[in-house]
Amino acid sequence: ENIYTCTSGSSALELLKNFLAHKKLAPSLMPDVVFIDINMPFMDGFQFIDQVLKLSEKSIGKCRLVALTSSIEPEDKKRVLTASKQIVFLNKPLTDKSLALIS
């Protein structure tokens, strides 16, 4: 229904925190999916994931984290999945087939 676009990991993190600040509205404001690029400026995807995971699982609720990257480094995938088994790791480009893996 709504698509939010952020220009950096830090602005995305602030957006999520602002949603969570509205306790009664947070469940309806939180996105269903957050796409994370590993190679972002200022705060890379790994740092973003670490910060999001510090938020309580209860507060992020149904929000799925998806690492969407052009990286072909096995270490990048391992690092993402080590942070949380709940994160989906996908390679670019995003396709209908890869979108089906998210749900």
At their closest point, which heavy atom of [X] faces which heavy atom of [Y], and how far apart are they?
X: Phe19; Y: Met30; answer: CB-SD, 3.9 Å
X: Ala67; Y: Ile87; answer: N-CG2, 4.1 Å
X: His22; Y: Asn18; answer: CD2-O, 3.1 Å
X: Leu94; Y: Ser98; answer: CD1-OG, 3.5 Å

Carefully, step by step, assess Gln47 and Asp44 under the rule side-chain contact (heavy atoms from CB on, under 4.5 Å). CA-CA 5 Å; Gln47 294 167 321; Asp44 68 26; 3.3 Å; yes

Taking C-beta and beyond as the side chain, do Thr69 and Asp37 meet within less than 4.5 Å on heavy atoms?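 SC-SC contact between Thr69 and Asp37 confirmed.
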
How about NZ on Lys78, more than 12 heavy atoms from neighbouring residues, nucleotides or ligands closer than 6.0 Å, or not?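 It does not: Lys78 NZ has 12 such atoms or fewer within range.
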
Stepwise, does the side-chain contact (heavy atoms from CB on, under 4.5 Å) test hold for Ser84 with Leu65? CA-CA 10 Å; Ser84 172; Leu65 300 179; over 6 Å; no

Say whether, by atom type as modelled, one donor and one acceptor occur between the side chain of Gln51 and the main chain of Phe48 under 3.5 angstrom.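 Answer holds: no.
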
Applying side-chain contact (heavy atoms from CB on, under 4.5 Å), run through Val34 and Tyr4 and close with a yes or a no. CA-CA 9 Å; Val34 174; Tyr4 305 102; over 6 Å; no

For the [atom1] atom of [X] and the [atom2] atom of [Y], what is their distance to the nearest 0.5 Å?
X: Ile49; Y: Ile38; atom1: CD1; atom2: CD1; value: 6.5 Å
X: Leu90; Y: Leu99; atom1: CG; atom2: CG; value: 8.0 Å
X: Arg64; Y: Gln86; atom1: CZ; atom2: CD; value: 6.5 Å
X: Cys6; Y: Phe35; atom1: SG; atom2: CZ; value: 13.5 Å
X: Phe46; Y: Ile36; atom1: CZ; atom2: CD1; value: 10.5 Å
X: Thr82; Y: Glu75; atom1: OG1; atom2: CD; value: 8.5 Å

Linking I/L/V/M/F/W/Y whenever their side-chain heavy atoms sit closer than 4.5 Å, directly or via other members, would [X] and [Y] fall into one cluster?
X: Leu81; Y: Leu101; value: no
X: Val66; Y: Leu16; value: no
X: Leu20; Y: Met43; value: yes
X: Met40; Y: Leu53; value: yes
X: Ile102; Y: Val80; value: no

Worked verdict on Asn91 versus Lys77 for side-chain contact (heavy atoms from CB on, under 4.5 Å): CA-CA 10 Å; Asn91 285 105; Lys77 182 174 185 175; over 6 Å; no

